[in-house]
Amino acid sequence: MKRSYLPVALLLAVLMLNIIFTQYMVHQYFYENYTNTIIAAVINVILFPVAFLIYKKGVNVHD
Amino acid sequence: MSDKNNKIPFTEDNYTHNINRNNERKLDRRGFMKTLVGAAGVFAVSSLPWGVLAAKELNGLGDKKYPKHKITDVNSLPIGDAVDFAFPGEHDSAILIRLSENKYVAYQNACTHLRCPVFWKKDEQEMLCPCHHGKFDVETGAPTAGPPRRPLPEIHVKVENGAVYAVGVKRYEA
Ligand code: FES
């Protein structure tokens, strides 16, 4: 069966978001906007299970 | 030398036959995805301390108490005027602004950009930094224009028998 590279692309997108939110989080921390810091941190944490789900779905189907 | 060693016990001349080095370092799609998920996990874990620190600041644990210090008498400060003082140390210049009858705000007035003294511009109702035209919101100390990105550290004030006192500083680091 032809393997799908869609999950790989999705995971790369997730990682890109991780980078963006990490930078946002650090900056907001130093600008003392602590609510924004917490929001970015929560998003970063949520992105991990999302990445794991993408992996689970993508790895079984076409490999 | 005879070629005996090459025949016993194997006919092949590969004495490392039990080590298969082919594709040993190949990163397939699955392995690559695993790496990506792992990286997402690292990001998630390393976000936690920032969240905790931010929550701590939000709960005011960064506030510091200092012995109370008299700034001025209520009578000598008309509404809308400001007065400079030093708090908590004698070199930490600060500004007290009377916004209304009972509303006073005070900030450490070293600009959060490059520490020029911020002053109170009465007719425009905002705090202005003369060096690079940074502006701060008078109610909160938050930067509203110009280069500064961090708010001015707020000083907690208390009015007691006709005088204004400084009692503590929010997030003051020195
Ligand atoms: S020092 Fe205040 S704006 Fe640059």
Side-chain angles (χ1 to χ4, degrees), chain A, chain B residues 26-64 107-108 110-113 134-137 140-155 169-173:
Chain A
M1 202 181 245
K2 193 182 176 314
R3 52 179 66 178
S4 164
Y5 281 97
L6 181 67
V8 180
L10 285 176
L11 282 174
L12 287 172
V14 165
L15 219 64
M16 192 67 213
L17 288 176
N18 262 324
I19 293 170
I20 292 170
F21 282 113
T22 303
Q23 203 218 19
Y24 182 76
M25 174 179 75
V26 173
H27 281 176
Q28 290 303 303
Y29 184 83
F30 281 105
Y31 296 162
E32 302 184 10
N33 300 326
Y34 297 116
T35 330
N36 289 350
T37 310
I38 292 180
I39 292 171
V42 168
I43 293 176
N44 250 356
V45 171
I46 291 175
L47 279 176
F48 172 61
V50 170
F52 192 69
L53 285 180
I54 295 174
Y55 171 75
K56 274 263 151 182
K57 286 224 165 341
V59 94
N60 293 329
V61 190
H62 298 299
D63 217 5
Chain B
K26 199 177 130 208
L27 186 62
D28 57 359
R29 192 183 65 112
R30 181 190 295 252
F32 183 56
M33 295 211 299
K34 271 184 194 160
T35 312
L36 292 181
V37 174
V42 170
F43 272 103
V45 171
S46 55
S47 296
L48 294 175
W50 294 90
V52 172
L53 285 179
K56 204 171 127 189
E57 296 290 352
L58 274 184
N59 287 323
L61 296 181
D63 288 18
K64 296 217 178 84
Y107 302 100
Q108 216 90 55
C111 179
T112 51
H113 177 221
K135 290 180 182 173
F136 296 91
D137 185 79
T140 61
T144 53
R149 301 305 300 266
R150 288 172 295 131
L152 293 171
E154 188 179 347
I155 295 176
V169 185
K170 199 172 173 182
R171 263 202 71 73
Y172 173 67
E173 38 201 289

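In the text below, chain A, chain B and the rest are named by the order of the sequence lines, each starting its count at 1.
With sequence neighbours excluded, the residues that form a side chain to side chain donor-acceptor pair (under 3.5 Å) with A:T22 are A:N44. The side chain to side chain donor-acceptor pair (under 3.5 Å) test applied to A:T37 returns no partner, not counting sequence neighbours.
Considering only heavy atoms from C-beta on, B:L58 comes within 4.5 Å of A:I38 through its side chain. You'll find the side chain of B:L36 stays beyond 4.5 Å of the side chain of A:Y55, heavy atoms only.
Minimum interatomic distance between A:A51 and B:A40 (heavy atoms only, all atoms of both residues): CB-CB, 3.8 Å. Taking all atoms of both residues into account, the shortest heavy-atom contact from A:Y31 to B:R150 is CA-CG, 3.7 Å.
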- When you look at B:E57 and A:Y29, which way does the side chain to side chain contact (heavy atoms under 4.5 Å, CB included) test go after all the steps? CA-CA 10 Å; B:E57 296 290 352; A:Y29 184 83; 4.1 Å; yes
- Message: Set out, in order, the CA-CA distance, both residues' side-chain angles and the distance that settles side chain to side chain contact (heavy atoms under 4.5 Å, CB included) for B:V45 and A:F48, then state yes or no.
- Response: CA-CA 9 Å; B:V45 171; A:F48 172 61; over 6 Å; no
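Looking only at heavy-atom pairs under 4.5 Å with chain B, the residue among A:I46, A:N36, A:N18 that has the most is A:N18. Between chain A and the options B:A39, B:P151, B:A55, B:P143, the largest number of non-hydrogen pairs under 4.5 Å is found for B:P151. Of the listed residues A:L17, A:V14, A:V26, the one with more heavy-atom pairs under 4.5 angstrom with chain B than any other is A:V26.
For chain A, the nearby part of B:L48 is the side chain; its heavy atoms alone come within less than 4.5 Å. At a 4.5 Å heavy-atom cutoff, the contact between B:F32 and chain A is made by side-chain atoms alone. For chain B, the nearby parts of A:I19 are the backbone and the side chain; heavy atoms of each come within less than 4.5 Å. With a 4.5 Å cut-off on non-hydrogen atoms, A:P49 does not touch chain B at all. Contacts of A:F30 with chain B are made by both backbone and side-chain atoms, with heavy-atom separations under 4.5 Å.
The line from CG of A:L10 to CE of B:M33 is 10.0 Å long, rounded to the nearest 0.5 Å. The distance from the CD atom of A:Q28 to the CH2 atom of B:W50 is 12.0 Å, given to the nearest 0.5 Å. With values rounded to the nearest 0.5 angstrom, B:R149 atom CZ is found 9.5 Å from A:H27 atom NE2.
B:R29 contributes a side-chain N or O that, together with a main-chain N or O of A:S4, makes up a donor-acceptor pair within less than 3.5 Å.
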